[in-house]
Amino acid sequence: MVIKVKKRNFLKKKKIKQIQAELGEYGNLLQGKKNVEILEAEPHSFILVDGEPYIIIIDEKPFPTLKAALANEIDAKTVTVDMGAIKFVSNGADIMSPGIVDASANVNKDDIVLIIDETHKKPLAIGISLISGEEMVENDSGKAVETKHYVGDDIWNFEL
């Protein structure tokens, strides 16, 4: 997938506040930032903070990027996968319940979650929870998280 840039311009404070509200607990990524731009591109647009792609717009919904998670040490809703799942996660696979060793107690269905590895606690992917955090840990089968962005994908490798 090649990302084609269409246009780039600064966002007004009103639009930044709207995006912060949509991001929920990840909204602080835009708080107090001076250089917030939108980069309209195909297939996904980005919100740039000081020139770095911190937010990606997928299906008209904003998601934090892994670069933003690493740069800001986001401590939000997490799903921890065992070391055997890392190979699959880094290839873009959705997260299956058997590979999950822990999940934040406050994870609900349709939440944006950060997928981390159990040893180093580093972000591997970002996705949408399909079930609650409690169910993720208890279930022995089935899909738990739909992956939207992962280490090594085109979004991760995107540079201006």
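With a 4.5 Å cut-off on side-chain heavy atoms, L29 and V49 do not count as touching. Side-chain contact between E118 and D102: absent, with no pair of heavy atoms (C-beta onward) separated by less than 4.5 Å. The shortest side-chain heavy-atom distance between H44 and I57 does not fall under the 4.5 Å cut-off. By the 4.5 Å heavy-atom criterion applied to side chains, P53 and I155 are not counted as neighbours. With contacts defined as side-chain heavy-atom distances shorter than 4.5 Å, the pair D59/K148 qualifies.
Listed here is the closest heavy atom pair of G92 and T147: O-CB, 4.0 Å. In terms of heavy-atom proximity, S97 sits nearest to A144 at OG-CB, 3.6 Å.
Note: S132 OG to N106 CG = 11.0 Å, rounded to the nearest 0.5 Å. Distance check: K7 NZ to I38 CD1 gives 9.0 Å after rounding to the nearest 0.5 Å. Considering NZ of K77 and CG of N108, their distance stands at 5.5 Å, rounded to 0.5 Å. Taken from CD in Q18 to CG in L23, the straight-line distance is 10.5 Å, to the nearest 0.5 Å. Between I55 atom CD1 and L30 atom CG the span is 5.0 Å, to the nearest 0.5 Å. Separation of atoms CD1 (I47) and CG (L11) is listed at 5.0 Å; rounding is to 0.5 Å.
At a threshold of 4.5 Å between side-chain heavy atoms, the hydrophobic network of Ile, Leu, Val, Met, Phe, Trp and Tyr places I56 and Y150 in two separate groups. Following chains of ILVMFWY side-chain contacts shorter than 4.5 Å, one cannot reach L114 starting from L130, and the two form parts of different hydrophobic clusters. Residues Y26 and L70 share a single hydrophobic cluster, defined by chaining ILVMFWY side chains whose heavy atoms lie under 4.5 Å apart. The hydrophobic clustering, which links ILVMFWY residues whose side-chain heavy atoms are closer than 4.5 Å, places M96 and I126 apart. Cluster annotation: W156 and L48 are assigned to the same hydrophobic cluster (Ile/Leu/Val/Met/Phe/Trp/Tyr, side-chain heavy-atom contacts under 4.5 Å, transitive).
Within 6.0 Å of the CG atom in D140, the count of heavy atoms belonging to other residues, nucleotides or ligands does not exceed 12. In the displayed structure, K121 atom NZ is contacted under 6.0 Å by more than 12 heavy atoms of other residues, nucleotides or ligands. No more than 12 heavy atoms of other residues, nucleotides or ligands sit less than 6.0 Å from atom NZ of K143. Counting non-hydrogen atoms of neighbouring residues, nucleotides and ligands closer than 6.0 angstrom, the CD atom of E134 reaches no more than 12 such neighbours.
Side-chain atoms of N91 do not come within 3.5 Å of backbone N or O of A93 as any donor-acceptor pair. A donor-acceptor pair under 3.5 Å links the side-chain atoms of D117 to the main chain of K122, judged by distance alone. A donor-acceptor contact shorter than 3.5 Å links the side chain of N72 to the backbone of A68. Under the 3.5 Å distance criterion, the side-chain polar atoms of T80 are left unmatched by any main-chain donor or acceptor of A103.
By the side-chain contact (heavy atoms from CB on, under 4.5 Å) test, N35 pairs with F10, D50, sequence neighbours left out. Residues forming a ring-ring contact (aromatic ring centres under 6.0 Å, His included) with F46 (at least two apart in sequence, or on another chain): F158.
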* Worked verdict on F63 versus I128 for side-chain contact (heavy atoms from CB on, under 4.5 Å) -> CA-CA 10 Å; F63 292 90; I128 298 285; 3.3 Å; yes
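With respect to the salt-bridge test (charged N to carboxylate O, under 4.0 angstrom), the residues K61 and E22 do not qualify.
Its side chain within the 4.5 Å cluster rule, V79 clusters with V81, M83, I86, V89, I95, I100, V107, V113, I115, L124, I131, M136, V137, V145 among the Ile, Leu, Val, Met, Phe, Trp and Tyr residues.
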